[in-house]
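Per chain, numbering begins at 1; letters A, B, ... match sequence-line order. The figures here come from the full heavy-atom set of this structure, side chains too, leaving out hydrogens, waters and symmetry mates.
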Amino acid sequence: MMSADSSLTKFIREQKSMLWRRLPFVALSVLMYFLYYIFGTVVLIQHERAIVDPNTALLAQSLSQRIAEAVSAHAGVRGIGSGIGFTGAMILGIQSFSYLYKAQTVDFYESRPEKRSVRFFNIIFNSFLIYAIPSLICAVLSFFIAAASGAAYMTLFGDIMLAWVLNSVMFLASYGMSAFASLLTGTVVTALFMNFFVFGLEMLVRMTVFGYRAAYYATFDSDNEIKLIAGLKSLPPYNLIKSYVEAKMFGGFDAAGEYIVKALPELMKGCGINLVIAVISFVLAFIAYKYRRAEDAGKAVVNPYISVFIKYCAGILFALDTGLLIYWIFGRQGSISLPAVILTMITTVIVTCLILEAIFALNVRSALKRVYDMPVILVISLIILFIFKMDVFGYDKWLPSASGVESAWLCNNSYDIGIDGGYYDETNYIGAREFAEKNMFITDIEDMLVIAEKGQAAKVENAVEYGIENEYAANGYWNATVGWRMKSGKTVTRNVAIPEDIDAAVMDRIVGSEEFIKGVYLLDDPDYIIDRVDEIAPGSELVLSTTSEHGNLTGDGRLLNGFLAAYTKDLSANYDFTMASYNVPVGLVSFYTDNTFVSGYTGYFQTSWPIYDSYKESIAYLEENGLWNGGSLEKSEVEKIVVTTYNYTGEMSVSDDPVTYTDRKDIEKIMDSSLPTTYYSAWGRYYQFEHDGNKDYSIEVYPAPDTVEDMEPGTYYYRQLLKDKELPEKPL
Amino acid sequence: MINIENLSKSFGKTKAINDVSLTIREGEVFGLVGTNGAGKSTLLRLLTGILVPDSGKIAIDDEPVYDMPSVKEKIFFVPDDAFFFQNATPGSMRDYYASLYPRFDKERFASLLEGFNLGQNRKITEFSKGMKKQLMVLLAVSSGAKYILCDETFDGLDPVMRQGVKSLFAKDMADRDLVPVIASHNLRELEDICDHVGLLHQGGVLLSEDLSKMKLNLQKIQVVFKNEEDREKALEGLNVLLAEQRGRLWTFTIRGGREETEEHFRGAEPVFFEVLKLSLEEIFISETEVAGYDVRRFILD
């Protein structure tokens with residue numbers, strides 16, 4: 001009986017036959033997607049139902065909305081189902097061409113009357129089917145399960161389908177890379193290593209560069225680099241993680257699908273990159289397949305040049321990384337550091353080369369092959385080490401050319417939550433630095449360059465004197481970060497130590513500028529805060545509170561608009577570097593939500609504003625509304641002051657007996673010689689509090705009765721002694 | 001016809017096939033003999049299009065074979081250690097090969113399975129090595145491929161099965177011009193089946209001849225002469241390849257026609273004279289020893 005089939009029939013029959021032969025992988029795919037989509041959705045729905053408590057405010061939210069949100073976060077574009085796809089891609093990538101690892105199977109497949117390119121395409125397509133069919137069916141079913149529970153939103157369906165498309169493209173990219181890596185090897189074990197190498201190389205290189213910059217560059221800004229690594233970038237799985245993280249940033253489920261619309265540009269960017277990677281990796285995989293020979297079966301790596309490449313990459317990276325590890329262990333031990341690092345690098349290079357050669361030849365006795373690579377790898381590693389150590393490329397001295405900068409930002413790293421910075425934005429809290437990055441656009445580049453140059457030079461000097469880890473201990477500097485938004489679209493940041501002798505006029509022009517203030521204080525859109533409160537803590541009231549040494553007052557949060565108007569005027573009229581560095585705030589205004597926790601939700605909102613004595617508009621507004629009781633204590637309001645002197649001897653400090661001052665003259669002298677420390681100014685000249693290096697003073701100021709609202713017995717406030725000032729003689 | 005010209009293939013520094021030229025004609029069974037490592041399997045894998053030659057040409061019916069499905073449909077490779085899918089049965093392998101070979105004859109396969117007592121639905125993992133080889137041969141014969149390349153296929157088959165396979169080949173050669181190419185390290189395996197034998201050694205061809213031609217040109221004579229003068233007279237002008245003496249009985253292997261040789265000896269009026277039949281082994285020993293090889297070392301068990 002003879003048979004003759006069309007190409008399509010042949011193709012379909014071959015696909016069916018392959019699926020049957022790859023049954024264990026089909027079963028694994030079905031199981032994983034069943035567990036993730038179907039079982040996971042059922043569990044989530046049960047969970048949502050279980051936590052609905054009729055006694056909580058959650059009844060305000062419909063159950064169907066909550067189910068939709070839960071299923072969307074799980075199976076939609078914010079879900080992590082792509083992780084299964086990535087793992088599956090790697091497994092299938094290795095398995096797909098594993099027939100090439102054994103002469104028996106090579107003979108079987110390569111003797112078939114079939115074009116090799118057709119076989120390649122058949123394998124690729126079949127692998128995609130193994131991923132696509134179970135994942136698609138399970139994803140659709142997860143929607144129907146949610147719909148049956150009341151969450152029949154088409155947006156949810158669109159979300160799940162969009163996620164499936166994105167994950168499918170990611171699967172193709174990862175699968176292509178894995179197939180390419182596997183086609184470069186001749187055994188399953190080395191294919192696995194090659195996969196780890198291909199997928200891990202980017203991360204390893206970035207981590208190594210990050211580690212060396214952090215270790216040897218004084219001005220290195222780790223926050224920015226961590227963001228670069230976390231937000232990576234080019235290859236799967238990192239770009240995938242990035243898409244996932246970014247999609248999370250665009251809020252929760254809404255029937256109109258606004259969160260998808262917001263996330264779409266980023267998601268599409270990631271998808272586009274994956275698509276390009278998929279195409280490139282399939283082309284590379286096909287070339288590797290086309291030129292791969294049957295006799296490569298059983299070899300560790302098919303091409304000697306690839307072996308050499310891997311050996312050099314792994315040798316150099318491992319040497320640098322182990323060297324770095326030793327640096328972090330012995331780094332601060334002075335002279336022992338460098339010899340220990342070099343010795344470790346030598347050992348690592350030798351061990352790595354021996355192991356890799358043994359693996360390449362699948363024979364331990366071949367470990368000594370190409371021994372001449374060892375010194376070459378070591379020399380390259382040492383060159384890289386010294387490039388960082390000696391800052392050959394001038395990283396710490398780098399300054400942009402003014403013409404290449406679009407705008408800049410400057411963040412004093414002393415800004416802290418609740419004081420001069422720190423706001424909630426979208427779903428996450430953002431600190432002062434993130435706020436500056438988003439909102440500060442300084443165009444006075446010349447002055448910024450002056451600050452950066454002085455700051456970087458001081459940073460390097462401090463690092464030399466104190467060690468790169470301890471340079472923050474240097475007194476007389478403001479540690480800050482300078483960010484440059486380049487016209488090229490790149491953002492470059494450097495940590496700086498702004499010295500006390502910096503030109504105050506330059507600093508005033510920057511710190512006092514509207515651009516700077518906009519990047520520190522949330523002034524423009526008070527409605528944003530109100531909307532935000534409604535969104536994250538529905539049903540809760542916004543509260544205004546002022547605190548000072550005269551106690552706490554609380555009022556209506558709806559005064560926000562009026563307060564911000566007054567505060568903005570004060571900032572324009574008073575705020576600059578000189579003011580902020582020679583004064584400390586006398587009070588603090590906070591806005592926060594009263595209902596901070598609702599079952600299942602943390603919907604807390606808070607932001608704070610420092611009040612300086614010179615902020616007359618703000619103080620007047622607060623007084624008008626009965627929310628200001630005087631700021632810092634007046635001399636006359638102090639009943640007594642207790643001073644404890646600490647004497648430092650080496651690491652130890654011994655305190656004298658506390659001395660109590662009740663004499664008015666003594667109290668006035670101490671009040672004149674000190675500043676309140678209830679609220680710090682980020683630009684405060686704390687060095688003024690320096691005095692005898694071997695002494696420290698604890699100054700406790702006790703208010704007179706009835707001067708402070710709701711004063712508890714024994715209430716006191718700390719003050720700091722100013723430089724060059726003296727305490728009164730000990731009373732008799 | 002398979003035409004191989006100056007074919008070479010190396011694996012690293014090892015020359016597996018070195019400048020081999022051979023012709024495998026239609027209507028004959030081609031035997032490929034050589035020790036383990038002589039290059040037989042490499043040559044078959046080159047002929048099947050599994051390997052790519054470093055240099056030289058392979059033409060199967062005037063067409064190249066590598067990555068040419070239309071040519072590969074004419075070839076069925078029966079390796080020494082055949083691969084079967086996990087949990088495969090003869091029936092599932094039949095379906096698999098039927099999808100690849102358009103002329104696959106399923107009915108014939110079914111009847112052959114029955115004839116060879118191999119169950120259609122038995123798991124192949126339960127088969128002995130010999131049964132697996134039989135199955136591969138049956139698949140090959142049923143595939144309708146013109147060229148069946150067998151690598152050590154007869155090794156491990158019992159004599160009855162060997163005879164059965166030979167009969168199958170003979171039938172298909174008669175019916176549809178099948179050309180079996182049989183590689184073996186043992187000459188005795190090929191003795192009664194091959195028409196043409198190529199001897200491979202260290203990647204090169206030592207010899208490639210038609211057996212009939214070799215047999216016609218070589219004579220093995222046992223003779224007892226009256227005296228030494230008669231022996232010298234009888235051997236005058238003859239191309240003696242081998243001479244062996246046991247007492248007065250001489251055994252000569254002589255290159256030349258039978259009649260001419262007989263005439264020489266009868267002219268010397270020997271006491272005893274007989275023409276013996278040459279085995280394939282003896283033919284090879286004779287031919288290769290002349291060339292300076294002790295063939296017994298590498299092609300006889």
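- Using a 4.5 Å cut-off between heavy atoms, A:R112 contacts chain B through both its backbone and its side chain.
- Classification of the B:F83-A:Y109 ring pair by plane angle, with boundaries at 30° and 60°, yields tilted.
- Neither the backbone nor the side chain of B:F76 has a heavy atom closer than 4.5 Å to any heavy atom of chain A.
- With a threshold of 4.5 angstrom between heavy atoms, B:A82 approaches chain A through N, CA, C or O but not through any side-chain atom.
- Only the side chain of B:K9 comes within less than 4.5 Å of a heavy atom of chain A; its backbone N, CA, C and O stay farther away.
- Looking at heavy atoms from C-beta onward, B:L51 lies out of side-chain contact with A:E110 at the 4.5 angstrom threshold.
- For B:R45 against A:A294, the heavy-atom pair with the smallest separation is NH2-CB, 4.2 Å.
- Using a 4.5 Å cut-off between heavy atoms, A:R116 contacts chain B through both its backbone and its side chain.
- Interface remark: B:Y96 contributes side-chain atoms only to the contact with chain A (heavy atom separation under 4.5 Å).
- Contacts of B:F109 with chain A are absent, with no heavy-atom separation under 4.5 Å from either backbone or side chain.
- Closest of all the heavy-atom pairs between A:K290 and B:Y66 is O-OH, 4.5 Å.
- Looking at heavy atoms from C-beta onward, A:D107 lies in side-chain contact with B:F77 at the 4.5 angstrom threshold.
- Distance alone, capped at 3.5 Å, places no donor-acceptor pair between the A:K115 side chain and the B:M68 backbone.
- Residue contact with chain A, scored on non-hydrogen atoms closer than 4.5 Å, involves the backbone and the side chain of B:E73 alike.
- Among B:T42, B:L149, B:L100, the residue making the largest number of heavy-atom pairs under 4.5 Å with chain A is B:L100.
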